[in-house]
Amino acid sequence: MFTRKYSIFRGSFGTITQCAEMADVNAMEKKLAEYKCDTNEATCLKLVRFPEDVEDDGTTFHPEYSHQLFGDDEVAFGYKGLQIQLFYTAGNLSTLFKVKYSSKVTDTFDCVEADDVEGKIREIIPTGFTSNTDDFISLLEKEANFKPFGTMLHSYTVHNEEAEQLTYQIHKADISCPGFQEYHERLQTFLMWFIETASFLDIDDDRWDFFLVFEKYNKDGETLYATVGYMTVYNYYVYPDKTRPRVSQMLILPPFQGEGHGAQLLEAVHRFYCSLPKVQDITAEDPSENYVKLRDYVLTKLCQNLPSFDADKLHLGFSADMIREAQEKLKINKKHARRVYEILRLRATDMSDEEKARAYRLEVKKRLFGPYRKNQRELAKMRKCLRPEELVSHMGQLDTQTQHEELEKSYQLALEDYRRVIERLASQA
């Protein structure tokens with residue numbers, strides 16, 4: 001009887017000990033959780049024109065992405081009040097880099113190591129930055145010496161909220177421009193924060209073209225230039241004697257987004273390559289959804305005045321004349337010309353007229369059905385070579401009802417995108 005009581009007592013003591021240990025662990029985890037920081041919020045970016053911008057929170061912007069440096073969770077461990085300062089002079093992009101925090105985990109807990117935030121940032125920023133704020137402010141005095149690289153292709157004006165007329169320039173540059181390679185190394189650091197799958201370029205290849213957008217502004221009576229955004233294009237060889245420029249990267253920096261600079265840049269690039277007889281057509285590498293929408297707008301704007309795209313010809317269908325004229329005059333390939341045709345035909349169609357709306361719907365769905373038609377051909381091949389149980393699993397993926405539902409969904413999404421382009425064209429008219 002005594003032994004049994006003793007064994008019960010020992011079991012209870014062990015449970016109490018485990019509970020105490022768990023409580024200690026939970027308390028420790030709770031304390032350590034205070035040292036986790038969202039790296040998108042902690043990273044503070046600036047484009048600095050005036051000394052007072054350094055302390056002005058209104059000039060700060062933050063990344064959309066930081067997973068390439070800090071992992072999928074986009075979290076840095078080991079700091080309270082973490083602030084990663086990456087400030088750039090507006091034109092030359094001379095860089096201030098500082099890491100600030102109110103508390104670090106190794107100051108409080110033994111055997112716990114903080115993430116090497118500084119080391120991760122150093123992986124993407126080129127040497128030559130400063131960590132001294134006063135030195136950085138002194139670099140602003142040299143901004144008057146900064147001039148845009150390369151050849152100016154286009155100039156345009158934009159009215160801002162203060163009713164001021166701001167002037168912008170688009171320049172084409174390449175690696176032969178003195179100082180451009182070092183400037184580009186600083187510029188491309190923004191890619192890591194704003195393009196989800198960004199990677200740095202090896203720009204030693206002379207087939208790269210660079211297109212840069214700058215804003216002209218006045219400071220103390222002098223004309224200065226601020227970096228707005230850029231595009232990189234690689235010129236691929238097309239047999240026997242042509243090239244195919246492919247857009248690789250495009251970024252308008254956040255303080256300038258929503259002002260139409262992306263459309264101005266893409267249109268200027270298209271017009272530049274249209275002037276080169278050796279260019280076959282212009283494409284893009286793995287374009288984002290936003291880029292496709294921008295391209296739809298720009299190409300439709302360019303094509304709407306071509307004779308083959310006249311309103312009275314659109315209801316006759318997508319024609320060989322459209323393909324030829326878009327390619328010859330604007331270096332637009334067949335696939336992109338087809339989307340332009342569908343957008344312009346929608347603009348010219350009275351969708352309240354049931355018969356006209358049906359004709360338009362069938363015309364667009366005919367193109368959208370292409371991938372499903374391919375699936376049907378694949379299914380016919382499968383019937384000849386697959387066992388019944390294998391065929392059943394594949395037929396599930398090619399269910400006719402599902403295809404019709406997906407086709408209607410694709411049509412509605414296309415319609416939504418097309419109407420957005422039409423509205424934008426109307427607002428710019």
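Within 6.0 Å of CG on Asp72 lie no more than 12 heavy atoms contributed by other residues, nucleotides or ligands. Atom CD of Glu52 has more than 12 neighbouring heavy atoms from other residues, nucleotides or ligands inside a 6.0 Å radius. Remark: Lys100 NZ is loosely packed, at most 12 non-hydrogen atoms of other residues, nucleotides or ligands lying under 6.0 Å away. Within 6.0 Å of atom NZ in Lys80, more than 12 heavy atoms from other residues, nucleotides or ligands are found, so the atom counts as buried in its surroundings. Remark: Arg420 CZ is packed, more than 12 non-hydrogen atoms of other residues, nucleotides or ligands lying under 6.0 Å away.
Taking the salt bridge (Lys or Arg N to Asp or Glu O under 4.0 Å) definition, one finds that Arg339 meets it with Asp296, sequence neighbours left out. Partners of Arg122 under the side chain to side chain donor-acceptor pair (under 3.5 Å) rule, at least two apart in sequence or in another chain, are Glu118. With sequence neighbours excluded, no residue satisfies salt bridge (Lys or Arg N to Asp or Glu O under 4.0 Å) with Lys331. Taking Thr39 as the reference, Ser66 meet the side chain to side chain donor-acceptor pair (under 3.5 Å) condition, with sequence neighbours excluded. Not counting sequence neighbours, the partners of Asp205 by the salt bridge (Lys or Arg N to Asp or Glu O under 4.0 Å) test are Arg207. In terms of the ring-ring contact (aromatic ring centres under 6.0 Å, His included) criterion, Phe256 has no residue partners (sequence neighbours excluded). For the salt bridge (Lys or Arg N to Asp or Glu O under 4.0 Å) test, residues two or more places apart in sequence or in another chain that qualify with Glu289 are Lys293. Shown here are the side chain to side chain donor-acceptor pair (under 3.5 Å) partners of Lys334, two or more places apart in sequence or in another chain: there are none. Taking Glu408 as the reference, Lys365, Gln412 meet the side chain to side chain donor-acceptor pair (under 3.5 Å) condition, with sequence neighbours excluded.
Counting only residues at least two apart or on different chains, the salt bridge (charged side-chain N to carboxylate O under 4.0 Å, His left out) pairs with a member in residues 240-256 are Asp241-Lys278, Arg244-Asp281.
In this structure, a donor-acceptor pair under 3.5 Å is present between the side chains of Asp174 and Ser176. Side-chain contact annotation: Thr130 with Asn132, donor-acceptor N/O pair under 3.5 Å absent. One side chain, Lys46 or Thr60, offers a donor N or O that lies under 3.5 Å from an acceptor on the other.
Side chain of Lys335 to backbone of Ile332: no donor-acceptor contact under 3.5 angstrom is found.
Using a 30° and 60° split on the angle between ring planes, Phe149 and Tyr183 fall in the tilted class, from 30° to 60°. The aromatic rings of Tyr156 and His154 lie parallel to each other, their planes meeting at an angle below 30°, with 60° marking the opposite boundary.
With rounding to the nearest 0.5 Å, the separation of CZ in Arg324 from OG in Ser319 is 8.5 Å. Note that NZ of Lys36 and CG of Asp38 are 12.5 Å apart. Values are rounded to the nearest 0.5 Å. We find the OH-CG distance between Tyr35 and Leu82 to be 13.0 Å, quoted to the nearest 0.5 Å. Atoms CZ and CD1, from Phe97 and Ile124 in turn, are 9.0 Å apart once rounded to the nearest 0.5 Å.
Contact check for Leu344 versus Gln304: side-chain heavy atoms found under the 4.5 Å cut-off. In this structure, the side chains of Met351 and Leu346 come closer than 4.5 Å at one or more pairs of heavy atoms. Annotation: side chain of Glu259 is not in contact with side chain of Leu166 (no heavy-atom distance under 4.5 Å). Taking the side chain as every heavy atom from C-beta outward, Tyr297 and Ile343 never approach each other to under 4.5 Å. At a threshold of 4.5 Å between non-hydrogen side-chain atoms, the residues Thr300 and Phe309 do not count as touching.
Between Lys219 and Glu141 no salt bridge is recorded (no basic side-chain N to carboxylate O distance below 4.0 Å). Under the 4.0 Å criterion applied to side-chain N and carboxylate O atoms, Arg338 and Glu342 are assigned as salt-bridge partners.
The two residues Pro307 and Lys329 make their nearest non-hydrogen contact at CD-NZ, 4.3 Å. Shortest non-hydrogen contact noted between Gln181 and Asp204 is NE2-OD1, 3.4 Å.
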Side-chain donor-acceptor contacts of residues 208-218 below 3.5 Å, not counting sequence neighbours, with atom names and distances?
{"unit_1": "Trp208", "atom_1": "NE1", "unit_2": "Asp202", "atom_2": "O", "d": "3.3"}
{"unit_1": "Asp209", "atom_1": "OD2", "unit_2": "Asn235", "atom_2": "ND2", "d": "3.0"}
{"unit_1": "Asp209", "atom_1": "OD2", "unit_2": "Tyr273", "atom_2": "OH", "d": "2.7"}
{"unit_1": "Glu215", "atom_1": "OE1", "unit_2": "Arg49", "atom_2": "NH2", "d": "2.8"}
{"unit_1": "Glu215", "atom_1": "OE2", "unit_2": "Arg49", "atom_2": "NH1", "d": "3.3"}

When the side chains of residues 187-200 are checked against the rest of the protein, which donor-acceptor pairs come out under 3.5 Å, sequence neighbours left out?
{"unit_1": "Gln188", "atom_1": "OE1", "unit_2": "Leu201", "atom_2": "N", "d": "3.4"}
{"unit_1": "Thr189", "atom_1": "OG1", "unit_2": "Tyr88", "atom_2": "OH", "d": "2.8"}
{"unit_1": "Thr189", "atom_1": "OG1", "unit_2": "Arg186", "atom_2": "O", "d": "2.7"}

| task | Apply salt bridge (charged side-chain N to carboxylate O under 4.0 Å, His left out) to the pair Glu354 and Arg358, showing each step before the final yes or no. | result | CA-CA 6 Å; Glu354 188 174 331; Arg358 181 176 182 275; over 6 Å; no
